[in-house]
Structure formats: structure tokens, C-alpha cells
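Heavy-atom basis, side chains included; hydrogens, waters and symmetry copies ignored. Lettering of chains follows the sequences in order, A, B, ..., and the numbering in each one begins at 1.
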2 protein chains.
Amino acid sequence: MPVQRAKKQPSPSGRSLEHPDRADIRLEGVLHALSDPMRLQIVRDLAAGEGELNCSVFDLPVSKSTTTHHFRVLRENGVVRQIYRGTAKMNALRREDLEALFPGLLDSVLTAASLQASRPGGES
Amino acid sequence: MPVQRAKKQPSPSGRSLEHPDRADIRLEGVLHALSDPMRLQIVRDLAAGEGELNCSVFDLPVSKSTTTHHFRVLRENGVVRQIYRGTAKMNALRREDLEALFPGLLDSVLTAASLQASRPGGES
DNA sequence: CTCGTACTACGAGGGTTATCGTACGACCAG
DNA sequence: CTGGTCGTACGATAACCCTCGTAGTACGAG
């Protein structure tokens, strides 16, 4: 899908991030976003920490560019919301929107991920 | 993920299909399998029809090769079980396995798909 | 045996994704 | 203003995925 790469606004005052409206969030997109181990891990960490989390708290085994890329995928598919706070970028799950659109989905995915992680060979 | 393409057994008596053991089913794989609109539709139809369904009941807007491909993805990720019955191949959801591994997941995905389909622009 | 049906295997195309390195822009502290 | 930290943009590469057409195998009916 032509993900319509926002035209890099000059953003006069502060940087702005593109987020889809609640009504534009698609189930396939959410599932695809969660189907990558890296991104699933991010979402799990995000769900564990109550509030917002800084990008760099995550100790991912990939480069910074790649991390940015994954956060972008999560954002463009409506899974997380990102906002700038000074030099840091805070990330938060869009729990309410997801719950309204797909009730129970996020919880069952998180539960499933936990179960799988505690399975023999689950972390592989 | 290196999907480990079964070595094309000569299958002496009857054709055999490779299915992952319950313990080998991975959440990421299931989510990936469901993140394609075509496959999600297949799973929805499968869930609607109580029992097994023949491959050709599905009226998909793609060629037969492509259909085979999608069923293969679903099978290799542990979402469906396929067996030959004469010249036809019957398909069934692996409800029990999925429920045991990821309780509630399949149901919430199916519910979410229904909700989205009845949304304005849901079928697009 | 021969034919038709059902589905698979293979190979190829075109598009998307994951990953990286390097260079740049935004912000805070001196 | 200078420097350091944080994150982005861009370009490149390799891998992957969806799609297809063609050719082939397995099975049942005649």
C-alpha cells in the first residue's frame, strides 16, 4: 500500500507526527504491525510500563535507523502515539482507540505473547 | 523467518501435508498469516462454516496458484489443517490448538474483523 | 486406459520490507 | 555560540511476499 509518506512539513513550531484517525485504523494493518518480533516486543514493553516511554529505553539489537523505522510502522498503523517532549520522543499505546475498534484484541495478543515467552523455547 | 520448505516427500501412499506441531506454532506467524486481507477472509469463512470446507468453495478474486499459496501460508503457520479427501482438499481451522496456545485470540480477531466489515468503508 | 477435475510445484515479475551507514535537524546545557 | 544527545531523512542492499502462468501429479468416472 502506498503509505503516503507525509511531505516533510517544515513544521514551523515544533515537529509534527502523522497519526491515522481512529476510523482509519485497519485490522490488517494492526496485525501486520504486531507480526514482527521486534515490534511485538516494543508493544509488550510499552504495555508493561504504565505511561509513556522514551524511544531509547528499549534495548533493541538493531541500529537506530531500524528502531525509528519500526516505531514509524507502529505509528502509521495506529498502534502507538508519539509526541515530542523536548529532545526525547515519548511513545504510548493507543489503548482506547484499539479497544473501541477491536475489543479485547490487544489484551489477547499481549496475553498470547506472555504465554509464548514462558514456553520452552519461547524466547528463541 | 526461514519457512523451512518441506523437502517434497514422494509420499508413497496418498499425499501428505506438512503441519506444524502445536508447540511449534508461533504467535508472530499466526499474526502474519492473518494480516493479509485474502487470508483473513478465508479464515472468516472457515469460522462461519461449522466444519471443513473445500478449497474451491471460496470465491477469491485471484488465480488458483495464488489461492494455493495463501492456504499454504495458513497451514504452515498452524492456522488451518488440510487433509485430502479424494480429489478434494478439506480445510478446517485449528481452533483447539490456537485456543490452547493463545486463549481468546482467534475470537477477538474474528470479532474485530466483523466489526470492521460493518464499519463505513469497512469492505473497501 | 483415457479423460476431466482438483490442486501443487516451479519459476518469474513487481512491489514492499528490514536492515544498515552516513549525514542532517532539533533541542538542552554550558 | 558550542557541543552533545536524540532522533530523522535519505540512499542502498538484500530478503521477502503476492501474484501469475505453465506444466505436472493424484484421484475418480466412464
Handout entry: Whole angstrom value for the distance that separates P of dC7(C) from CD1 of I83(B)
Key = 13 Å
Exercise for the section: Tell me yes or no: between the side chains of S35(A) and S35(B), is some donor less than 3.5 Å from an acceptor? Expected result: no
Exercise for the section: Could you tell me whether a side-chain N or O of N77(A) sits under 3.5 Å from a main-chain N or O of V79(A), the two making a donor and an acceptor? Expected result: no
Completion exercise
Whole-Å distance, L34(B) CG to dC18(D) C1', equals 17 Å
Problem - Salt-bridge contact R72(B)-E76(B) (side-chain N to carboxylate O under 4.0 Å) - result: yes
Completion exercise
Taking every heavy atom of F102(A) against every heavy atom of V30(A), the minimum-distance pair comes out as CE1-CG2, 4.1 Å
Practice task
Would you mind reading off the distance between H32(B) atom NE2 and dA18(C) atom C1', rounded to a whole angstrom?
Solution key: 13 Å
Practice task
Starting at atom CE of M38(B), determine the distance to atom P of dC17(D), rounded to an integer number of angstrom.
Solution key: 16 Å
Check the interface with nucleotides 20-24 of chain C: list each N/O to N/O pair with the protein under 3.5 Å, or write none.
from, atom 1, to, atom 2, distance (Å)
dC20(C), OP2, S63(A), N, 2.7
dC20(C), OP2, S63(A), OG, 3.3
dC20(C), OP2, T66(A), OG1, 2.8
dG21(C), N7, S65(A), OG, 3.2
dG21(C), O6, S65(A), OG, 2.9

Exercise for the section: Check whether any side-chain nitrogen or oxygen of R72(B) sits under 4.0 Å from OP1 or OP2 of dA9(C), and answer yes or no. Expected result: yes
Fill in the blank from the handout: Closest heavy-atom pair, R39(B) versus H32(B), reported as atoms and distance to 0.1 Å, is NH2-O, 3.4 Å
Handout entry: Of the listed nucleotides dA18(C), dC18(D), dC7(C), the one nearest the side chain of T68(B)
Key = dC7(C)
Practice task
Determine the sole option in L74(B), I42(B), L106(B) for which the side chain to side chain contact (heavy atoms under 4.5 Å, CB included) test with L93(B) is passed.
Solution key: L106(B)
Practice task
Would you kindly give the CG-to-P distance between D36(B) and dG15(C), to the nearest whole Å?
Solution key: 18 Å
Fill in the blank from the handout: L17(B) atom CG is separated from dA26(D) atom C1', nearest whole Å, by 13 Å
Practice task
Measure the distance from CZ on F71(A) to C1' on dG7(D) and round it to the nearest whole Å.
Solution key: 11 Å
Handout entry: Nearest to side-chain heavy atoms of R39(B), which nucleotide of dT19(C), dC18(D), dC7(C)
Key = dC18(D)
Exercise for the section: Rounded to the nearest angstrom, tell me the gap between atom NE2 in H69(A) and atom P in dA18(C). Expected result: 4 Å
Practice task
Provide the closest heavy-atom pair for D97(B) versus R81(B) in the form atom of the first, atom of the second, distance.
Solution key: OD2-NH2, 3.3 Å
